[in-house]
Amino acid sequence: PVVIDLPSDVSRAAVENYSYPSDIAIRSYRPNVTGHIRQIKKAAEAIAGAKKPVIYAGGGVVISGAHKELTALAQKTNIPVTLTLMGLGAFPGNHPLFIGMPGMHGSKAANFALQETDLIISVGARFDDRVTGNVEHFAQNARIIHMDIDPAAISKIIKVDIPVVGDAKNILQQLNSLVESREPGDWNAQVEEWKEGGIFSFKDSEEQIKPQAVIRRISELTKGDAVVATEVGQHQMWTAQYYHFTEPRTLLTSGGLGTMGFGLPAAMGAAMSHPGKMVFNIAGDGSIQMNIQELATISLNQIPVKLVILNNSWLGMVRQWQDLFFGRRRSSTCLRRRPETCGDCTTPQTCKRPYIPDFVSLSKSYDIPAFRAERPDQVEEVLRKGLETEGPVVMEFMVCDDENVFPMVPAGKPLDDLMLEG
């Protein structure tokens, strides 16, 4: 983050006849944007010789506006595509070549493909540890092409074979003119086998609301034509897994810093800047309380944010780690009112203590309509009421208390060491 502190006399000064310059030159920042043609030709040759290629793309594609060029490359070569959290939307989530998000909570298809590939075509991604898992065991048999505008990012974490420094859009335009068409083969069949049953899947329930089912239904009802902001936690990962982003800049989420409280202000900004566009903020009952006072701003200005709260009465991601890696020693993660005699919440499903706060009552105190679903058969009704309500609305779903985000690669493990259930 960058903080610019302006003296009050500067911020209050009047400026006359100012026009924004068409070109800006900053001595300390002069990035190469074209990409070296010799390196791009090497990349094209590597793609032609690969038997098991994978495209691994990130937020740089979104920033560059290179989503059409990325799709053209994938379709011309029939190479499977995996997108980082920050890259979701840069390639259609419903495209047959899409294999999901990679990494700690990535899909089996994406993680297995990265481990088995002989060529990674990385575009605008930085190989962070949430994607690579144990770097010593990451893609051991692969050559790596890395396209990035920042030369400092290349070979910073993973040693690459063919670096291409420049803007993703410019590089992909040149690369697309050089690569040869490629028909689907055995590699595509293997990837489809890993995708069998869906990129992500979960066990639905007729008794409890599953958070994945809520997000999947939002995706179906909006047909992916919405801007979705998230807070940080389990709901963020479920959104990345089960909402099909088909266009860039439709997911607003805090990836690098993972900042709880990010989603509500981000959704407000999106709704103000895109009148008429449906905007959601998908939140957990913990993260939403970081900036919940902004409900006042939303109400007073009638900012039409559709706020979805997946309420499991826990700080869910912390509780998940406590359960999986710390012997279920739960501490300071339960958001229900507890008497002094309360134990370690070993039976969350039968817990009847009131949760804190009552989001429906709180929303109504801000003069914002609010609806709650407590059973699976109420989910559809609440979603439809929320979508039909003009202006801001809060939809709360009392989801399964102990649902975890899977798949999961434990910290320090290789990508293909997947936990598929608890």
Ring center gap for [X] and [Y] short of 6.0 angstrom:
X	Y	result
Trp321	Phe325	yes
Phe98	His244	no
Phe245	Tyr243	yes

Checklist entry - Looking at Met398, Gln234, His235, Glu403, which one forms a side chain to side chain contact (heavy atoms under 4.5 Å, CB included) with Asn312? => result Gln234
Checklist entry - Given Asn111, which of Asp417, Val409, Asp416, Thr82 fulfils the side chain to side chain contact (heavy atoms under 4.5 Å, CB included) condition? => result Val409
Any Lys/Arg nitrogen of [X] or [Y] sitting under 4.0 Å from an Asp/Glu carboxylate oxygen of the other?
X	Y	answer
Glu220	Arg217	yes
Arg330	Asp323	yes
Lys223	Asp225	no
Glu45	Lys41	no
Arg384	Glu380	yes
Arg216	Asp204	yes

Assess, by modelled atom type and distance only, whether the side chains of [X] and [Y] contain a donor and an acceptor separated by less than 3.5 Å.
X	Y	result
Asn78	Glu183	no
Asn291	Gln293	yes
Ser299	Asp367	no

Next on the checklist: Quick one, Asp377 with Arg375, criterion salt bridge (charged side-chain N to carboxylate O under 4.0 Å, His left out). Give me CA distance, side-chain angles, the key distance, then yes/no.
Outcome noted: CA-CA 5 Å; Asp377 61 358; Arg375 304 187 311 271; 3.1 Å; yes
Euclidean distance, [Y] [atom2] relative to [X] [atom1], rounded to 0.5 Å:
X	Y	atom1	atom2	value
Lys203	Gln208	NZ	CD	13.5 Å
Leu310	Ile209	CG	CD1	9.5 Å
Gln289	Ile309	CD	CD1	8.5 Å
Phe359	Ile368	CZ	CD1	13.0 Å
Ile154	Ile144	CD1	CD1	11.5 Å
Leu85	Thr230	CG	OG1	7.5 Å

Next on the checklist: I'd like to check Glu116 versus Trp194 (side-chain heavy atoms, cut-off strictly below 4.5 Å). Are they in contact?
Outcome noted: yes
Item to check | Check: Phe397 main-chain N/O paired with Gln378 side-chain donor or acceptor under 3.5 Å | outcome: no
